[in-house]
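Letters A, B, ... are given to chains in the order of the sequence lines, protein chains preceding strands, and every chain is numbered from 1. Only this structure's heavy atoms are used, side chains among them; waters, hydrogens and symmetry mates stay out.
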Amino acid sequence: MTTTPPNDTAPDPDELPTTYRAAEIEAALYARWQAAATDVAHAERVTRSGGTRAPYTIVMPPPNVTAILHVGHGLNNAVQDVLIRWRRMAGDEALWVPGTDHAGIATQNVVEKQLAAEGSSRQALGREAFVARTAQFVETTGGEILNQLKAIGSSADWSRTAYTLAAPLSTAVTEAFVRLFEEGLVYRGHRVIHWCPRCMTSLSDEEAEFEETQGGMYHIRYTLADDPSQSIVVATTRPETLLGDVAVAVNPTDERYAALVGKLLVLPINGFRIPVIADDYTDAEFGSGAVKITPAHDPNDFEVGMRHTLDAPIIMDAEARMNGLGDALKRVPAELRGIDRFEARERIVSMLRDTGALVKIVQHQHSVRHCYRCGTVVEPRLSDQWFVKMAPLAAPALDAVRTGRIRIMPERWEAVYVNWLEGIRDWNISRQLWWGHRIPVYYCDGCGTPPIASRTAITTCAQCGGTLRQDEDVLDTWFSSWLWPISTLGWPNEASPDLKAFYPGDVLVTAPEILFFWVSRMIMSGMHFMGDVPYHTVYLHGTVRDMQHRKMSKSLGNGIDPMDVVRLYGADALRWTMIAGMGLGVDVLLDPTDLEKSFAPGRNFLTKLWNIGRFLLTKVGTEPVQPLSVIAPESLTIADRWILDRLDAAIAESNASLGPVRPGASGRWTEAERTAGMRLDAYADTARRFVWNELADWYLETVKPRLAAGGADADVARAVLVHTFDNALRLLQPIIPFIAETLWAKLPPLTNGAARGGSFLCTSAWPDVRATPLAGGDDFEIGRKYVLAGRQLRSDNKVKPSQRITVELLPTGPDARAVQSLSAVIGDLVRADVTVLLNGASTTGSVGAVTVVVSGGGEIIAPVSSFGQEISAADTAKECARLKTELDATQKILAGVQSKLGNESFTSRAKPEVVDGARAQERDLSQKVDALTRKIEALCGTR
RNA sequence: GGGCGAAUAGCUCAGCUGGUUAGAGCACCUGUCUUACACACAGGGGGUCGGGGGUUCGAAUCCCUCUUCGCCCACCA
């Protein structure tokens, strides 16, 4: 591995701009990471291959090759990158496999549109030329989105970039198909499927999306053939399919129609004779209680037709125009032939109206399936398609989630997953497209040999020597996607080092929309072909929406181009804003009309961080600093101890938020683990709070005079400051890698010449909490209370920030020691000359002075100032009343807790940590009761 | 039609197994160029936690119910 020193010549501190300019840094830094191959994973370093590191694998949901990065991709990839960068620092061999998807229908549609604009069509071009043209289109556009992913900092292993239609993955697709075929899990079925008359292909159940539609329920009278005075009224939403009716079904228990079962009816318009049949499928309560049966144009009717061995005449062509094949043509009157289905509906309804067959039209709301790619109303169509038998594949996938091999987050999606798998239906995998993996099945027209599935192209029939013909169709694009976690690692080559080292993987990060399309099918394929799960955690994030909660989309024009954000505020600001603003499974709302406001949290934080860096460079300087390990503990001040404590807390909290990395040795998540971790927003919040509200707001302020004073203590302060900032940057690197890396490179060197980590922050170690923390840091918390009291007094009395004041502090009891030792620090932070008066000392305000009297709790109970506001008796009485109320409330709570602790069933049955918590609470409460009692005695006299 | 989720400050959301004065970011108000940062600093205002009932010493948190949104699934022709 080549390494490039990350630290270019440090700029003159005075020339550092006061705001972070991402654009000047990001692209060049990314190039340096690439040159150093910081994100390339090595199979041989993994324990499974005899190495020493745990693998951590994420496969990237492959974007469509035709797509341009939108902010949803940004969110999705930011999450994955945070996880990968975190684990890479934590010492795992982290592999993030990127790639793209050929996106069958979507891509074919785009190219067909191009052709149409040129006055051509795919039919005019011919299959071979069309595929070549599409491939070329993909080549020119396919890389764009990957470059955009790089621009937002994605640290995927680009040396392993995969493409579903590339040779190795195509091999996997063929292998999977042939294996399933040989196992009897792939079969050819003749049935009614969803057909998109615009895309001219069949669709799977998942690709035909429901949409609530307001339509009509048409009640139509069919008269009896041998007695025109009798009739049955059928109810249908699709009168245009009437020409294909082969029966009318009634419920066997429906007495209204019992006498008519077996009789023949006259089909309106074409006069065909069709029987009345009895079938359970019919619900007597719904509509008129009689259903017209059109087997070729409705999946349920097809089932009914099968049960009653009825014909299935097709009365529409592939483009959903009224027409018929062969004998069925007789069913469609000449004047309707070639008419589009919706116009045909109008015409047929008017013909029915004219003949009096139309009884009524009732308003009716129902769900109509639409093509998920083009929105066209799907037409049920009888045809021959390839299917995957799903039940045997679903069982292990169900089991994997039920037994805790896989957890789905947020948890509520587990129920959705289980529900879907339990009711799973076979998967139609053939598509009447040209762009995709051609189905590896061969037919012999010469003899009766059944279709042959073959791993290699074959041309002659083994039986009769005749010429074989390959199936014209291609596979559903998801048939390659569902193999993604195994095919990208080298499957079906079982000896592939990547497959051995990195499978099973760890986490899948995606949106809930493709839980069925993709997530669950990958689990099925992993279980079936590898005998193991593809990942132990499915992380489903929310959707990016605008302020009206609308999904961002091209057609609505409410999208945000992540590249605009990168240009304006940088990739880090984009990443930070999304990660920090995204609760588990919660949608992210951004305002496309106000990028500044939307990304302010990220931008502001980066500026803050940048300025801490500037402070370091200007005040700490570039001279070597001592590593913390060589600093004598007794030379550490209270503030030093405090910030090191806070750092430990931030690290621990971050680890807790990110959670258990993987299930334990059993390979199964425990109930508690199942919902733990993956709280990226909480992690971001912890890191921000530490850097901004603790390091910058407090520690940095205490350190200024120490640095200015120079000497040994200045060296201690420099060491602690640099150590703390170093670790803060480590903590932040996964979320905001560019700025973190940039600032880290500017840290002054260590006096012992030791390296801080690798050449880059992104490959250096994730921080650890100290094994043996030092005592004393808590005193700083006491000091903080006095500082806050002093500042509040300044503000209340309208003292200008620039005006220096004098303050007298009256700490009581346990505060005394801390306040005494922190008096100088408190003075600096309040901008005051501080005098500490111990118990009993009296105070009087003097001209130009502000006196702060603080009780044990650090609270101002009697501020007296030279500005003339003597504390009144009324105020004292008010305060006494308040304290007494508080005491009462506290005593009540204490009694409740004590009664709980006195309860045998609680102490013996509740979890130990809960009982311990209650005990601690009891201690705290009784201490508080004591403190309040003392306070009341002091302020209000004996009660 | 079935299932699930949400309702907390002006906006977007945190609030773990019920516990002291319900938090953050953005927005708002007051003051400040306090020599890293006005994309900042200091101080502050603002919530009867959707309505109603219940359990409890104690409920944003648990139970019931209603209302309003949202999501997923579904062969009402």
Side-chain angles (χ1 to χ4, degrees), chain A residues 13 16 18-20 210 217 234-238 249 281-283 285-294 298-304 364 366-367 410 412-413 415-416 419-420 423 512-513 515-516 543 547 549 569 573 577 580-583 585-591 596-598 600-619 675-676 679 681-682 685 688-689 693 696-697 700-701 704 708 788 791-796 798-804 831 886 889-890 892-900 910-911 913-914 917-918 921 924-925 928:
Chain A
L16 275 181
T18 57
T19 51
Y20 170 58
F210 282 109
M217 177 71 83
V234 300
T236 180
T237 53
R238 305 186 58 222
Y281 161 65
T282 308
D283 177 359
E285 305 296 315
F286 187 85
S288 64
V291 191
K292 60 193 258 333
I293 300 299
T294 324
D298 184 286
N300 302 306
D301 291 7
F302 183 75
E303 296 297 317
V304 175
H364 180 67
H366 60 139
S367 292
R412 66 190 132 96
W413 288 104
V416 176
N419 181 44
W420 184 73
E513 290 123 71
L515 183 60
F516 306 138
T543 308
M547 300 319 279
H549 296 220
Y569 312 114
T577 302
M582 182 196 57
V586 176
D587 289 343
V588 178
L589 273 74
L590 296 170
D591 188 350
E596 160 134 25
K597 190 179 171 184
S598 293
R603 185 201 55 177
N604 294 357
F605 180 54
L606 295 188
T607 303
K608 187 71 187 181
L609 193 64
W610 181 251
N611 278 292
I612 297 171
R614 288 181 71 227
F615 176 87
L616 243 84
L617 280 177
T618 53
K619 300 289 192 251
T675 56
R679 293 334 192 259
D681 56 333
D685 194 55
R688 191 196 59 81
R689 194 207 61 224
N693 303 119
D697 287 350
L700 228 55
E701 295 302 324
K704 282 176 181 174
L788 292 174
R791 284 175 177 170
Q792 195 183 334
L793 211 56
R794 284 186 73 112
S795 177
D796 289 351
K798 311 253 185 288
V799 182
K800 288 204 181 286
S802 53
Q803 188 183 344
R804 199 161 176 89
R831 299 181 64 76
E886 195 181 349
T890 311
K892 226 176 185 179
I893 295 161
L894 178 62
V897 172
Q898 280 168 340
S899 87
K900 183 157 74 176
K911 284 184 204 159
E913 63 262 32
V914 173
Q921 198 187 353
D924 292 352
L925 287 169
K928 183 172 178 185

(request) Using heavy atoms to find the nearest nucleotide of RNA chain B for A/Asp298 and A/Arg679 separately, return the residue whose nucleotide is more 5′. (result)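 This one resolves to A/Arg679.
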Under 4.0 Å, counting only non-hydrogen atoms across every strand here, what does [X] touch: a base, just sugar-phosphate, or nothing?
{"X": "A/Val416", "answer": "sugar-phosphate"}
{"X": "A/Pro601", "answer": "sugar-phosphate"}
{"X": "A/Ala696", "answer": "base"}
{"X": "A/Thr607", "answer": "base"}

hbond_proxy [X] side chain to [N] base (donor-acceptor, 3.5 Å cutoff):
{"X": "A/Lys608", "N": "B/C37", "value": "yes"}
{"X": "A/Ser367", "N": "B/A74", "value": "yes"}
{"X": "A/Arg412", "N": "B/C4", "value": "no"}
{"X": "A/Glu701", "N": "B/A36", "value": "yes"}

Test item: [X] side-chain N/O and [Y] main-chain N/O as donor-acceptor pair under 3.5 Å:
{"X": "A/Asp681", "Y": "A/Gly581", "result": "no"}
{"X": "A/Asn611", "Y": "A/Thr607", "result": "yes"}
{"X": "A/Ser795", "Y": "A/Arg791", "result": "no"}
{"X": "A/Thr577", "Y": "A/Gly602", "result": "yes"}
{"X": "A/Arg794", "Y": "A/Arg831", "result": "yes"}

Nearest to the side chain of [X], which nucleotide is it out of [options]?
{"X": "A/Asp685", "options": "B/A24, B/A77, B/A36", "result": "B/A24"}
{"X": "A/Asn300", "options": "B/C71, B/C26, B/C75", "result": "B/C75"}
{"X": "A/Leu700", "options": "B/G43, B/A77, B/A36", "result": "B/A36"}
{"X": "A/Phe210", "options": "B/A74, B/C72, B/A36", "result": "B/A74"}

Can you tell me, in whole Å, how much space there is between the [atom1] of [N] and that of [M]?
{"N": "B/U56", "M": "B/U61", "atom1": "P", "result": "16 Å"}
{"N": "B/G1", "M": "B/G18", "atom1": "C1'", "result": "37 Å"}
{"N": "B/A36", "M": "B/G45", "atom1": "C1'", "result": "30 Å"}
{"N": "B/G5", "M": "B/C62", "atom1": "P", "result": "12 Å"}
{"N": "B/G50", "M": "B/C11", "atom1": "P", "result": "14 Å"}
{"N": "B/G25", "M": "B/U35", "atom1": "P", "result": "24 Å"}
{"N": "B/A59", "M": "B/C69", "atom1": "C1'", "result": "24 Å"}

From [atom1] of [X] over to [atom2] of [N], roughly how many Å is that when rounded to an integer?
{"X": "A/Asn604", "N": "B/C26", "atom1": "CG", "atom2": "C1'", "answer": "9 Å"}
{"X": "A/Asp681", "N": "B/A14", "atom1": "CG", "atom2": "P", "answer": "8 Å"}
{"X": "A/Leu606", "N": "B/A40", "atom1": "CG", "atom2": "P", "answer": "11 Å"}
{"X": "A/Phe605", "N": "B/A24", "atom1": "CZ", "atom2": "C1'", "answer": "14 Å"}
{"X": "A/Lys800", "N": "B/G43", "atom1": "NZ", "atom2": "P", "answer": "17 Å"}
{"X": "A/His549", "N": "B/U68", "atom1": "NE2", "atom2": "C1'", "answer": "14 Å"}
{"X": "A/Arg804", "N": "B/U32", "atom1": "CZ", "atom2": "C1'", "answer": "17 Å"}
{"X": "A/Gln792", "N": "B/G43", "atom1": "CD", "atom2": "P", "answer": "8 Å"}

(message) The test is side-chain contact (heavy atoms from CB on, under 4.5 Å); show your working for A/Val234 and A/Lys292 and say whether it passes.
(response) CA-CA 6 Å; A/Val234 300; A/Lys292 60 193 258 333; 4.3 Å; yes
(message) As a quick check of understanding, evaluate side-chain contact (heavy atoms from CB on, under 4.5 Å) for A/Arg614 and A/Thr18, giving each step before the final call.
(response) CA-CA 8 Å; A/Arg614 288 181 71 227; A/Thr18 57; 3.2 Å; yes
